[in-house]
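First up is the structure itself, then whatever we jot down about it.
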Amino acid sequence: MLEVVRIPVLSDNYVWLLHDPKSQETVVIDPAVAEPVLKAAAARGWTIGQIWNTHWHGDHVGGNAAIKAATGCIITGPAAEAEKIATLDRLVGEGDSVRIGDHVATVMAVPAHTAGHIAYHLADDRMAFVGDTLFAMGCGRLFEGTAAQMFANLQRLADLPEDTAVYCAHEYTLSNGRFALTVEPDNAALVERVAAVEALRARDEATVPTTIGLERATNIFMRARDVAQLAERRAAKDAA
Ligand code: ZN
Ligand code: FE
């Protein structure tokens with residue numbers, strides 16, 4: 001079994017530490033910053049051997065250089081954004097695989113938030129590290145891609161097993177949930193989830209990871225019937 005540690009940094013980012021007790025390997029996904037990540041690993045006696053980046057934004061790669069300087073780790077990231085992430089050692093794209101011990105993560109190309117955005121799917125472990133593509137009850141903004149691309153990404157993620165844990169990179173859940181209620185006010189699963197999220201956030205607790213099953217039931221972007229409806233919902237959320 002892989003262990004996962006959530007490290008809250010900056011205003012609403014989550015950095016994920018993934019550890020394999022068998023091989024003693026440790027991977028960091030999207031280190032926005034270095035210091036809290038190095039501390040979290042050291043506190044557990046773990047040595048960071050790899051970084052996996054999902055896209056080039058500073059709040060996902062900002063800690064790369066300092067973590068590499070401290071640990072000598074190997075940094076993997078999207079080949080399509082290599083010119084924007086100076087610290088990459090290993091370039092990957094759709095269908096490539098990366099490993100932590102015996103555990104395999106398959107790279108999924110999910111362009112839209114950024115043009116080369118990727119996700120890491122550990123099918124056997126029922127885990128997906130999705131960066132800024134899929135959020136709890138939300139999806140990433142379309143900075144470098146189209147609604148059609150995001151629609152395809154979300155449909156593809158929706159097809160993963162429903163017990164797949166989804167590790168997203170931000171705590172945006174409450175804002176997403178409140179907006180979702182304006183779109184699907186009669187969705188009982190959504191009403192119930194937003195109430196639960198309100199309570200968690202009132203206690204300053206995290207609401208992620210989520211699961212593919214929960215998102216299928218409550219994510220109005222994943223539930224959009226077509227590209228036009230997703231585009232309309234994304235535009236409305238951007239303006240909210
Ligand atoms: Zn981003
Ligand atoms: Fe981000």
Side-chain angles (χ1 to χ4, degrees), residues 4-18 27-37 40 51-67 75-88 91-94 107-121 127-154 156-157 165-177 179 201 206-210 215 219 221-222 230-231 233-235 237-240:
V4 187
V5 175
R6 176 184 52 234
I7 308 168
V9 300
L10 307 180
S11 59
D12 51 36
N13 276 82
Y14 289 129
V15 178
W16 300 100
L17 261 189
L18 184 61
V27 176
V28 185
I29 295 95
D30 281 355
V33 293
E35 203 60 32
V37 177
I51 293 171
W52 297 348
N53 290 141
T54 63
H55 66 293
W56 66 268
H57 286 161
D59 63 314
H60 298 256
V61 305
N64 278 11
I67 293 172
I75 307 181
T76 298
E81 298 184 353
E83 74 289 349
K84 289 183 167 161
I85 313 174
T87 44
L88 294 184
L91 309 179
V92 294
E94 173 68 32
V107 174
M108 298 171 71
V110 286
H113 177 71
T114 63
H117 199 304
I118 58 175
Y120 297 87
H121 176 222
M127 292 176 170
F129 293 88
V130 297
D132 287 354
T133 293
L134 171 63
F135 295 119
M137 296 185 278
C139 73
R141 285 178 181 245
L142 308 177
F143 289 125
E144 300 177 2
T146 64
Q149 287 175 313
M150 185 58 88
F151 184 80
N153 295 339
L154 296 180
R156 218 177 142 196
L157 290 166
V166 177
Y167 298 88
C168 37
H170 290 273
E171 179 62 64
Y172 289 160
T173 314
L174 186 53
S175 157
N176 288 335
F179 175 75
R201 294 307 296 152
T207 64
V208 294
T210 177
E215 295 315 307
N219 187 309
F221 300 99
M222 185 178 272
L230 183 140
R233 291 175 176 185
R234 185 62 264 177
K237 176 68 168 75
D238 290 349

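Start at 1 and go down the list; that is how both ligands and their atoms are numbered.
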Evaluate the criterion side-chain contact (heavy atoms from CB on, under 4.5 Å) for residue pair Asp59 and His170; output intermediate values, then yes/no.
-> CA-CA 10 Å; Asp59 63 314; His170 290 273; 3.0 Å; yes
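By the criterion of a separation under 2.8 Å, the protein N/O/S atoms near the Fe ion (ligand 2) amount to Asp59 OD2, His60 NE2, Asp132 OD2, His170 NE2.
Backbone or side-chain N, O or S atoms of Asp132 reach the Zn ion (ligand 1) at under 2.8 Å. Within the 2.8 Å limit, His60 places no N, O or S atom next to the Zn ion (ligand 1). Among the backbone and side-chain atoms of His113, an N/O/S atom is found under 2.8 Å from the Zn ion (ligand 1).
Separating the CD1 atom in Ile7 from the CG atom in Asn13 is a distance of 11.5 Å, to the nearest 0.5 Å. With rounding to the nearest 0.5 Å, the separation of CG in Leu157 from CG in Asn219 is 10.0 Å. Between Arg141 atom CZ and Asp238 atom CG the span is 4.5 Å, to the nearest 0.5 Å. The CE atom of Met137 sits 7.0 Å away from atom OG1 of Thr207, with the distance rounded to the nearest 0.5 Å.
A donor-acceptor distance shorter than 3.5 angstrom exists from the side chain of Tyr120 to the backbone of Asn53, with no hydrogens or angles considered.
For the Zn ion (ligand 1), the nearest N, O or S atom contributed by His55 is named NE2. Within His57, the N/O/S atom positioned nearest the Zn ion (ligand 1) carries the name ND1.
By the 6.0 Å and 45° rule, Arg234 stacks over the aromatic ring of Phe221.
Annotation: salt bridge (charged side-chain N to carboxylate O under 4.0 Å, His left out) contacts of Glu81 (sequence neighbours excluded): none.
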